[in-house]
Amino acid sequence: MRILSGIQPSGILHWGNYFGMMQPAIRLQEQGEAFYFIADYHALTSIRDPAVLREYTHGVALDFLACGLDPAKTCFFLQSSVPAVAELAWILSTLTPMGLLERCHSYKDKVARNLPATHGLFSYPVLMAADILLYDSDLVPVGKDQKQHLEVVRDIAIKFNERYGIIFKLPEPSIPEATETVPGLDGAKMSKSYANTVEIFATEKVLRKKIMGIQTDSTPVHAPKPIGSSTILMLYKLFANPVDYEQMRADHRRGGVGYGDFKKRLFEAAWLFFEPMRNRRNELLADPEQVNQILKEGTVRANTIAQSVMERVRFAIGLK
Ligand code: ADP
Ligand code: TRP
């Protein structure tokens, strides 16, 4: 089974990215042949400063490796190191109905948030289709917000196969239910666009400050706290062992413990959870050549597969 996913270097990675996409992708490495890439072509739809793009790209490479992407098992590369993906995106775009893209929420949301309404942003899912189909992918681990894009990818593959014969596999999304929407500091979906994120590798001081700033209601210390709407409890569940989690739930129900206390517990659990990854990240930071070498090896392997799929595609459509 081939597993593939990508993440845009459009910011500093946060808990939503980790639990929604990276952790499931890292777990899946054990179950098949994994291909994970940094979607730098996609990031051009929002990042226009070359120095910033380079910095974020390097950051994502470090973060993903530190969090457990294992280069011995997984092919790790930059999207733009395999330029065939842009060729395939063009080919797919000639078959993609406008209506399919016009329906995408993500485009409308991004334009509503003032991202420039460019052709690249509009055709974003076509490039995603190329990413996925170029490697004959079976399974695509993503967060829930990518579900519609995956449906578009499948529709494009079906259209292509109907016209030219069975050339592409139909990929399945993999969206773990428990972490499909990680809440941010304000209780809404954690997202860099909402300024409510907690970065995976925030310093101790920043982490403490952010956690202490989680929005809570005004229930007094002695009173029971609502469970369903507690952002602290939802986040704690991601980090704590089941016994500690049940304890916090019980303390919510009973009352007598203030939100400040719950926040301290959340801080301790989160800080401890990422400790081994922080150590690994510091090692990688001190050895940039290692990261370059991993991406270089990934690039060679990814290009080999991409080339063989492109031969099949070019022949099927009459470019050869
Ligand atoms: P952001 O919303 O911060 O811009 P991206 O859109 O770049 O994040 O998301 C990258 C990956 O992380 C996607 O697979 C996305 O579904 C996942 N992801 C992002 N935020 C969350 C969240 N709050 N909960 C679950 N998954 C998330
Ligand atoms: N669009 C995805 C996101 O914003 C990133 C991405 C690009 C991707 N190409 C992909 C994810 C291919 C899975 C497969 O998070």
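Just so you know, ligand 1 is whichever comes first in the structure, and atom 1 is the first atom listed for that ligand. Position 1 is the first residue of the sequence; numbering continues from there.
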Are the side chains of Tyr124 and Gln8 in touch, meaning some heavy atoms are under 4.5 Å apart?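 Yes; the side chains approach each other to less than 4.5 Å.
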If we only count heavy atoms from C-beta on, is the Glu268 to Trp271 side-chain gap below 4.5 Å?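 SC-SC contact between Glu268 and Trp271 ruled out.
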Determine which pairs satisfy salt bridge (Lys or Arg N to Asp or Glu O under 4.0 Å) with at least one residue from residues 210-221, sequence neighbours left out, and list them in order.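 Only Glu199-Lys210 qualify under salt bridge (Lys or Arg N to Asp or Glu O under 4.0 Å).
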Quick one: does Ser5's side chain have a donor or acceptor within less than 3.5 Å of a partner on Pro141's backbone?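 Yes, the answer is positive, given that a donor and an acceptor are paired below the 3.5 Å cut-off.
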What is the ring orientation for Tyr107 with Phe122, classed by angle as parallel under 30°, tilted 30 to 60°, or perpendicular over 60°?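 Ring orientation, 0 to 90° scale: perpendicular.
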Pairwise, report which nitrogen or oxygen atoms of ligand 1 are under 3.5 angstrom from protein nitrogen or oxygen atoms, and how far apart they are.
residue: ligand 1; atom: 2 (O); partner: Lys189; partner atom: NZ; Å: 3.4
residue: ligand 1; atom: 2 (O); partner: Ser191; partner atom: OG; Å: 2.8
residue: ligand 1; atom: 3 (O); partner: His14; partner atom: NE2; Å: 2.7
residue: ligand 1; atom: 3 (O); partner: Lys192; partner atom: N; Å: 2.8
residue: ligand 1; atom: 4 (O); partner: Lys192; partner atom: NZ; Å: 2.5
residue: ligand 1; atom: 7 (O); partner: Lys192; partner atom: NZ; Å: 3.1
residue: ligand 1; atom: 8 (O); partner: Asn17; partner atom: ND2; Å: 3.4
residue: ligand 1; atom: 9 (O); partner: Asn17; partner atom: ND2; Å: 3.3
residue: ligand 1; atom: 12 (O); partner: Asn17; partner atom: ND2; Å: 3.1
residue: ligand 1; atom: 14 (O); partner: Gly143; partner atom: N; Å: 3.1
residue: ligand 1; atom: 16 (O); partner: Gly143; partner atom: N; Å: 3.2
residue: ligand 1; atom: 16 (O); partner: Asp145; partner atom: OD1; Å: 2.3
residue: ligand 1; atom: 20 (N); partner: Met190; partner atom: O; Å: 3.4
residue: ligand 1; atom: 23 (N); partner: Val182; partner atom: O; Å: 2.9
residue: ligand 1; atom: 23 (N); partner: Met190; partner atom: N; Å: 3.4
residue: ligand 1; atom: 23 (N); partner: Met190; partner atom: O; Å: 2.9
residue: ligand 1; atom: 24 (N); partner: Val182; partner atom: N; Å: 2.8
residue: ligand 1; atom: 26 (N); partner: Gly16; partner atom: O; Å: 3.3

Would you tell me whether Gln307 and Asn303 have side-chain atoms, one donor and one acceptor, within less than 3.5 Å of each other? no
Would you mind listing each N/O atom of ligand 2 next to any protein N/O under 3.5 Å, plus the distance?
residue: ligand 2; atom: 1 (N); partner: Tyr124; partner atom: OH; Å: 2.7
residue: ligand 2; atom: 1 (N); partner: Gln146; partner atom: OE1; Å: 3.1
residue: ligand 2; atom: 4 (O); partner: Gln8; partner atom: NE2; Å: 3.3
residue: ligand 2; atom: 4 (O); partner: Tyr124; partner atom: OH; Å: 2.9
residue: ligand 2; atom: 4 (O); partner: Gln146; partner atom: NE2; Å: 3.4
residue: ligand 2; atom: 9 (N); partner: Asp131; partner atom: OD2; Å: 2.7

Tell me, with the steps shown, if Ile156 and Met128 meet side chain to side chain contact (heavy atoms under 4.5 Å, CB included). CA-CA 11 Å; Ile156 294 175; Met128 254 182 94; over 6 Å; no
What residues, two or more places apart in sequence or in another chain, satisfy ring-ring contact (aromatic ring centres under 6.0 Å, His included) together with Phe77?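 With sequence neighbours excluded, Phe77 shows a ring-ring contact (aromatic ring centres under 6.0 Å, His included) to Phe37, Tyr135, given in chain and number order.
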Passes side chain to side chain contact (heavy atoms under 4.5 Å, CB included), Gln293 versus Glu297? Steps please. CA-CA 6 Å; Gln293 190 56 29; Glu297 282 165 24; 3.0 Å; yes
